[in-house]
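Just so we're on the same page: letters track the sequence lines, and every chain starts at 1. For the numbers below, each heavy atom of this structure counts, side chains included, while hydrogens, waters and symmetry mates do not.
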Amino acid sequence: MPKFYITTAIDYSNGDPHLGHALEKIGADCIARYRRLAGDAVHFLMGMDEHSQSVIQAAAAAGVTPQAWVDRMASSFADYWRRLQCSNDDWIRTTEPRHARAVTALLERIRARHPDDLFEAEYAGLYCTGCEEFKTGAQIVDGHCIEHPTLTLIPTKERNHFFRLSGYRDAVLERIRSGVLAVEPEIRRNEVVRLLEAGLQDISISRQRQPWGIPFPGDPQQTVYVWFDALINYLSATGFPDAGYDRLWPADLHVIGKGITRFHCIIWPAMLLAAELPPPRAVWAHGYVQWSGAKMSKTAGTAVSLGEAIDHYGADALRYFLLREVGFANDGDFTWERFDARYTADLANTLGNLVKRSLDMIHSYRAGTVPKGERGAGPLGPPGPPGPLDDAARVCSAAYQKAMDACRLEEGAVQWMELAGRANRYIQETAPWELKKAGKDAELDTVLASLARTVARLAVLAHPFVPTTSETIWGLFGPPAPLAQVRLAHLSDLDVGGRAVAKPPILFPKPRLAPA
RNA sequence: GGCGGCGUAGCUCAGCUGGUUAGAGCAGCGGAAUCAUAAUCCGCGGGUCGUCGGUUCGAGUCCGACCGCCGCUACCA
């Protein structure tokens, strides 16, 4: 059983999670759940990034200690991820001892293997005494810090530890070009390659005057710069440097936002190479959730809160909407109109109604027991002659797996829904109610058995996207095996003939249109 | 400024290495059916494929210019 170590970016502890955070976690969770269905030994990591100056500021503003602040934030984020059914196996926080230990160990390992890669140098920049940090770029307006326009920025020099990033340009570039380190989607890979081709500068990896951080090994006067610290979380969670960490490492997939490819595709691999550790195998950089085509910015006042979006139709519906409509590669729009349209057309009308009508007919015509049809096999027995829906399931499932293997989650969702659509057409074509009236029992058995099989298969394909609904549908058959034990490879053999089915619920109720 | 991407039916998008009447889903309109959440199924799409010019027997599909969006170019998690 191949292992599959997948991670999300760890979130910064300075505000509540929003739809953008949610898209990333849901997408990663979708991939993790899919890999489990495919039979991999999945290890799925999520967590929090809890160091740096802005944490101190946020804590001070809230009148609590930094630790109390990050505890509160971590609890809040974790609560949202539970509501969204994230199936992470581990949850790491960069304030944990296991993380500090790994950061120290990694730096010491670099120093031991490539001593020249770490050196001290002067860092010069504009320092804001209000923020207690260096300011660059857009943080400076008219020569003043945007947070403290009345203060004067002070040109300051600071002695820092540096990492010789420049020495790893060729090695990282070669890995990305050859695909040994896969960067997807392609547009992100091209951006990274161009960045590498343009050349790299060495980077400062320590800070003075930053008490809220991990002490720099051998120089307790300084702390490890927050980005350098944060990236290492993926390694910390494997147990590094203890023996056995390589049961998980290297990571098979880092799921991140498109804005941080530079850190994950260039700096992080270089850090690992310097320590003579294998770089990750793949990085997937998703796009952003927009609100009516505009950026969803925290400062501009987010148009919709994550809590609202979850409460609207439930976690499954939000998961499906984000993955199907917003997508996991490009930017996409969240609007209530689109959410409603997707929910109604796909989840309620196509899938929910299919499950309901199919199983209701089994109750009306066969007293709630799935006919064995022409198959006559047990619950997971060998298939008999395949019907049109079995063919459709095979085709859709193959396309689904091809898409999901490539992290094209939208396409996976399309294929899943396509099978449900085929089943609806099958009902129309075979008209079971006519078969019932005409007393064509054998044909009716075949049709109902075929529908039941298809519904069960849809429950399996649904799992990465709508885990709760998936379990609900699967549970209706009183299945012999928990869904967690089902594998995609068994899908064609899946049968529910002879099983008693529960009365189907309305899976995705449509709110009555409110009178105007 | 540098590098790159996008601009195809009301909406979201497919259209690979150029080749018969430009496609899908959703929405809309018409019809059928009644197992089902008034759900489903069938039928209906003349949209200058951003603009202009070029290459070619032939171009959303290649080249150039232009217009309009957008991304990456920050030691901002």
Within the 4.0 Å heavy-atom criterion, would you say [X] contacts the bases, only the backbone, or no part of the nucleic acid?
X	value
Lys258(A)	sugar-phosphate
Leu507(A)	base
Ala348(A)	base
Leu435(A)	nothing
Ile506(A)	base

Looking at [X] and [Y], does any basic side-chain N land under 4.0 Å from a carboxylate oxygen?
X	Y	answer
Glu186(A)	Arg408(A)	no
Arg194(A)	Glu197(A)	no
Asp90(A)	Arg98(A)	yes

Candidate pair His254(A) and Trp268(A), rule side chain to side chain donor-acceptor pair (under 3.5 Å), full reasoning
CA-CA 11 Å; His254(A) 290 316; Trp268(A) 178 225; 3.1 Å; yes

Using atom [atom1] of [X] as one end and atom [atom2] of [N] as the other, report the distance to the nearest whole Å.
X	N	atom1	atom2	result
Glu411(A)	rA24(B)	CD	C1'	11 Å
Arg408(A)	rC13(B)	CZ	C1'	14 Å
Ile56(A)	rC76(B)	CD1	C1'	16 Å
Asn349(A)	rC26(B)	CG	C1'	11 Å
Gln290(A)	rC69(B)	CD	C1'	11 Å
Tyr343(A)	rA27(B)	OH	P	15 Å
Asp340(A)	rU37(B)	CG	C1'	15 Å
Asp333(A)	rC70(B)	CG	P	13 Å

Quick one: are [X] and [Y] in side-chain contact, heavy atoms under 4.5 Å?
X	Y	result
Gln67(A)	Val55(A)	no
Cys30(A)	Met404(A)	yes
Arg188(A)	Val283(A)	no
Pro388(A)	Tyr426(A)	yes

Under the criterion ring pair (Phe, Tyr, Trp, His ring centres under 6.0 Å), I'd like the reasoning laid out for His21(A) against Tyr80(A): C-alpha separation, chi angles, the key distance, then a yes or no.
CA-CA 10 Å; His21(A) 292 100; Tyr80(A) 276 106; 9.8 Å; no

Taking [M] as the reference, what is the distance to [N] when you measure between their [atom1] atoms (whole Å, please)?
N	M	atom1	result
rC16(B)	rG46(B)	P	22 Å
rC13(B)	rU17(B)	C1'	23 Å
rA32(B)	rC6(B)	P	46 Å
rG58(B)	rA22(B)	C1'	15 Å
rC62(B)	rG7(B)	P	11 Å
rG28(B)	rU20(B)	C1'	31 Å
rG50(B)	rC3(B)	C1'	23 Å
rG47(B)	rC11(B)	C1'	14 Å

Once each nucleotide of nucleotides 2-12 of chain B is scored for protein heavy atoms under 4.0 Å, what B/S/- sequence comes out, 5' to 3'?
-SS------SS

Any idea which of rU37(B), rC76(B), rC72(B) is nearest the Leu195(A) side chain?
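Shortest atom-to-atom distance from the side chain points to rC72(B).
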
Taking the side chain of Tyr225(A) as its heavy atoms from C-beta onward, which of rC76(B), rG71(B), rU40(B) lies nearest to it?
rC76(B)

Asn349(A) and Lys510(A): side chain donor to acceptor below 3.5 Å:
yes

Going by a 90° cut-off around 0, is rG60(B) syn or anti?
syn

Runs of at least three consecutive Watson-Crick or G-U pairs, both distances under 3.5 Å, are what I'm after; which ones involve RNA chain B?
B:1-7 with B:67-73, B:10-13 with B:23-26, B:28-32 with B:40-44, B:50-54 with B:62-66

I want to know whether His264(A) and Tyr234(A) have ring centres closer than 6.0 Å.
yes

Run the ring-centre check on Phe334(A) versus Phe339(A) and record whether the distance is less than 6.0 Å.
yes

Passes side chain to side chain donor-acceptor pair (under 3.5 Å), Gln428(A) versus Asn424(A)? Steps please.
CA-CA 7 Å; Gln428(A) 207 67 28; Asn424(A) 275 321; over 6 Å; no

Verify the neighbour count for atom CD of Glu122(A): are there more than 12 heavy atoms of other residues, nucleotides or ligands below 6.0 Å?
yes

Which protein N or O atoms sit under 3.5 Å from an N or O of nucleotides 31-36 of chain B?
residue: rC35(B); atom: O2; partner: Arg357(A); partner atom: NE; Å: 3.1
residue: rC35(B); atom: N3; partner: Arg357(A); partner atom: NE; Å: 3.4
residue: rC35(B); atom: N3; partner: Arg357(A); partner atom: NH2; Å: 2.5
residue: rC35(B); atom: N4; partner: Arg357(A); partner atom: NH2; Å: 3.1
residue: rA36(B); atom: O2'; partner: Asn353(A); partner atom: OD1; Å: 2.5
residue: rA36(B); atom: N3; partner: Asn353(A); partner atom: ND2; Å: 3.2
residue: rA36(B); atom: N3; partner: Arg357(A); partner atom: NE; Å: 3.2

Whichever of Leu231(A) and Arg425(A) has the more 5' nearest nucleotide on RNA chain B, that residue is Arg425(A)

